[in-house]
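To start, the structure itself, in structure tokens.
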Amino acid sequence: MKLAHAGRRETLNLRTPNQAAAAQKAADIYRQLVGEGWDAVLLQWKPKAVLTPKAASVGEFVEAVRAVSAARPLTVWEYSKCLRRLAADVAGLPRDDAAKWDGRSGGADKWREKVDALPLSILTPESIQGWRLARLKDAGGNPAMQRATKTTINSTLRKAKSLFSSKVLKFLNGALVLPPNPFAGVEFFERASMRYESKIDTPALIEAAQTELGGMPENVEAWKAFVLLMFAGLRKNEADKLRWDSVDFAAGLLRIEDHEHFQAKCEASKGSIELDAEVVAMLRGWRALDGAGVFVLRSAVAPLANVLHYHYRAKRTFDALAAWLKSKGITAKKALHELRKEAGSMVADKHGIFAASRFLRHADIGITSAHYLDKKQRVTVGLGGLLSAPVTVSNVTAFPLPVKQAKPANTKRKRA
């Protein structure tokens with residue numbers, strides 16, 4: 001029989017030579033078609049015509065998410081990178097494979113293709129829990145290393161898990177067979193304290209930067225980057241893409257705003273930053289020397305638009321500044337970001353946590369309070385005035401340590 005319905009036409013074999021029986025069967029099939037639709041009829045009478053959904057691979061899932069996600073493309077790229085890293089470790093691909101970092105000769109593309117071909121089903125709550133514990137074991141017994149590893153594990157899991165959110169999955173069509181959510185029931189390590197504790201002598205650092213960077217023509221771009229990060233609290237990418245038309249000299253402001261080469265981290269990251277008069281004066285001088293330049297930080301590298309990776313025009317400037325900061329004793333892994341943290345800490349200490357949140361343009365006051373203390377004055381128990389006299393080394397009586405007495409010798413003869 002030939003059957004047409006809802007714009008689709010199919011030929012079905014009724015599997016009987018009897019015309020009356022075939023007619024009755026055809027009528028039954030048509031009623032089923034009208035009542036249940038094509039999928040039910042084809043599944044019963046022509047199963048080979050039913051498109052069997054394909055089990056998703058890692059790469060197919062990533063592409064499907066990228067097509068329906070409303071998040072920034074750079075955010076999806078970052079989260080997908082974490083999912084690939086997790087899948088590669090679970091599959092046992094070597095972590096020390098140097099080819100995956102070879103972006104010039106195609107090694108990175110080949111490694112990504114290898115990971116993308118892995119079935120998504122290798123990620124299960126059990127395999128992810130095993131990965132979580134194995135990574136922690138690799139950190140060894142060093143408490144500092146374990147703390148850093150736990151933070152990295154939590155970050156990787158949180159980003160990869162975001163790709164499986166209900167906001168994304170509800171838009172994926174049935175062309176892919178997805179396993180149950182592999183992150184269901186997977187626990188995170190207790191979040192380590194992110195409280196920033198300043199270890200920087202800020203006045204001394206600024207003086208050294210002004211002399212060694214600002215006083216040397218070959219280091220002037222590093223000095224400009226230092227000022228933007230330290231005095232304006234900019235993020236690295238914000239400083240890299242800051243344009244002169246975002247500097248309001250009359251109002252003494254920097255404006256973080258989207259343009260064709262830059263997208264803010266989030267809506268809360270956009271806004272105006274008030275500058276000290278001395279900083280405005282320096283910016284005015286740099287602007288006069290820069291001529292027709294578009295960006296505050298000069299670089300021979302052109303900006304890229306719509307790239308799915310972090311690209312910095314002034315990478316050489318940032319590398320030079322990071323090396324200089326490390327030579328001054330700043331040992332943080334992200335030495336440049338340490339300047340932003342120090343600026344936020346000083347604002348919180350002087351003006352309070354709400355002012356620091358506005359200055360740093362955090363999306364939520366909770367982020368600021370998790371990193372900085374709202375401390376505007378020295379806090380002690382206040383009982384020092386009850387002491388009769390200040391305790392110093394000179395007026396502390398030196399008490400001799402007790403001498404351990406030796407036990408008397410046992411004069412009794414031991415029994416044979």
Side-chain angles (χ1 to χ4, degrees), residues 202-203 205-303 305 311-318 320-321 324-325 336-352 354-362:
T202 306
L205 183 67
I206 292 175
E207 182 180 358
Q210 192 166 9
T211 302
E212 300 176 23
L213 299 178
M216 302 290 181
E218 64 273 17
N219 294 332
V220 66
E221 293 303 314
W223 167 235
K224 287 160 69 175
F226 178 90
V227 170
L228 293 177
L229 299 173
M230 181 78 251
F231 291 86
L234 298 191
R235 299 177 176 92
K236 183 179 176 180
N237 195 41
E238 293 170 346
D240 184 71
K241 309 298 190 304
L242 181 67
R243 304 193 304 190
W244 282 116
D245 59 13
S246 296
V247 181
D248 188 335
F249 291 102
L253 299 174
L254 288 182
R255 292 190 174 92
I256 303 302
E257 49 197 358
D258 291 342
H259 54 75
E260 62 268 29
H261 298 119
F262 172 77
Q263 184 177 10
K265 186 176 181 181
C266 61
E267 283 300 314
S269 297
K270 302 175 186 177
S272 299
I273 303 166
E274 298 175 342
L275 301 174
D276 294 324
E278 296 81 0
V279 176
V280 176
M282 277 195 296
L283 286 169
R284 199 186 300 275
W286 292 333
R287 182 70 182 103
L289 294 174
D290 203 18
V294 176
F295 295 94
V296 176
L297 293 180
R298 294 182 298 180
S299 173
V301 178
H311 176 264
Y312 299 106
R313 304 169 39 261
K315 183 179 184 301
R316 290 187 177 182
T317 296
F318 292 136
L321 177 57
W324 183 85
L325 290 172
L336 299 184
H337 199 66
E338 203 76 356
L339 298 181
R340 171 177 163 84
K341 289 182 177 180
E342 182 66 16
S345 176
M346 296 184 71
V347 173
D349 185 54
K350 187 174 181 180
H351 301 290
F354 288 97
S357 185
R358 290 195 304 270
F359 174 76
L360 296 169
R361 292 161 288 112
H362 284 157

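In this chain, residues are counted from 1 in sequence order.
- Between the side chain of D248 and the backbone N or O of R255, no donor-acceptor pair lies under 3.5 Å.
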> What's the verdict on side chain to side chain contact (heavy atoms under 4.5 Å, CB included) for V301 and H311, showing C-alpha distance, side-chain angles and the deciding distance?
Replying inline: CA-CA 10 Å; V301 178; H311 176 264; 3.9 Å; yes
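- Minimum heavy-atom separation, L254 to A232: CD1-CB, 3.7 Å.
- Remark: side-chain polar atoms of T211 are paired, donor with acceptor, to backbone N or O of E207 under 3.5 angstrom.
- Scanning both residues, G252 and V280, for their nearest heavy atoms gives CA-CG2, 3.8 Å.
- In this structure, CD1 in I206 is found 9.5 Å from CG in L339, a value given to the nearest 0.5 Å.
- The closest side-chain heavy-atom distance from R287 to F249 is below 4.5 Å.
- The shortest non-hydrogen separation linking A343 to G233 is CB-CA, 4.4 Å.
- By the 30° and 60° cut-offs, the orientation of the rings of H259 relative to H261 is perpendicular.
- N237 places no side-chain N or O within 3.5 Å of a backbone atom of Y312 that could act as its donor or acceptor partner.
- Contact of the R361 side chain with the L234 side chain is registered, since non-hydrogen atoms from C-beta on lie closer than 4.5 Å.
- Taking 4.5 Å as the limit, some side-chain heavy atom of S246 sits within range of a side-chain heavy atom of E257.
- Within 6.0 Å of NZ on K270 lie more than 12 heavy atoms contributed by other residues, nucleotides or ligands.
- Atom CZ of F226 and atom CG of L205 lie 4.0 Å apart (nearest 0.5 Å).
- In this structure the side chain of V220 never reaches within 4.5 angstrom of the side chain of L289, judged on heavy atoms.
- Listed here is the closest heavy atom pair of F359 and G344: CE2-N, 4.4 Å.
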>> Applying side chain to side chain contact (heavy atoms under 4.5 Å, CB included) to V347 and L360, what does each step give before you reach the verdict?
In response: CA-CA 9 Å; V347 173; L360 296 169; over 6 Å; no
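- Proximity of N219 to E212: side-chain heavy atoms (C-beta onward) are nowhere separated by under 4.5 Å.
- We find the CD-CG distance between E338 and L229 to be 12.0 Å, quoted to the nearest 0.5 Å.
- To the nearest 0.5 Å, the span separating CD on Q210 from CH2 on W223 amounts to 4.5 Å.
- Side-chain N or O atoms of R313 include one that pairs as donor or acceptor with a backbone N or O of D240 at under 3.5 Å.
- In this structure, the side chains of R340 and R235 come closer than 4.5 Å at one or more pairs of heavy atoms.
- Counting non-hydrogen atoms of neighbouring residues, nucleotides and ligands closer than 6.0 angstrom, the CE atom of M346 reaches no more than 12 such neighbours.
- With rounding to the nearest 0.5 angstrom, the CH2 atom of W286 is 9.0 Å from the CD atom of E221.
- Scanning both residues, A239 and L297, for their nearest heavy atoms gives O-CD1, 3.6 Å.
- Within the 4.5 Å cutoff, no side-chain heavy atoms of K224 are placed close to those of V227.
- Here the shortest heavy-atom pairing between W244 and G293 reads CD1-O, 3.3 Å.
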>> Could you walk me through whether M230 and T202 satisfy the side chain to side chain contact (heavy atoms under 4.5 Å, CB included) test, starting with their C-alpha distance in whole Å, then the side-chain angles of each, then the deciding distance to 0.1 Å, before giving a yes or no?
In response: CA-CA 9 Å; M230 181 78 251; T202 306; 4.3 Å; yes
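- Using a 4.5 Å cut-off on side-chain heavy atoms (C-beta onward), R243 and V296 make no contact.
- The CD atom of E342 sits 10.0 Å away from the CG atom of D349 when rounded to the nearest 0.5 Å.
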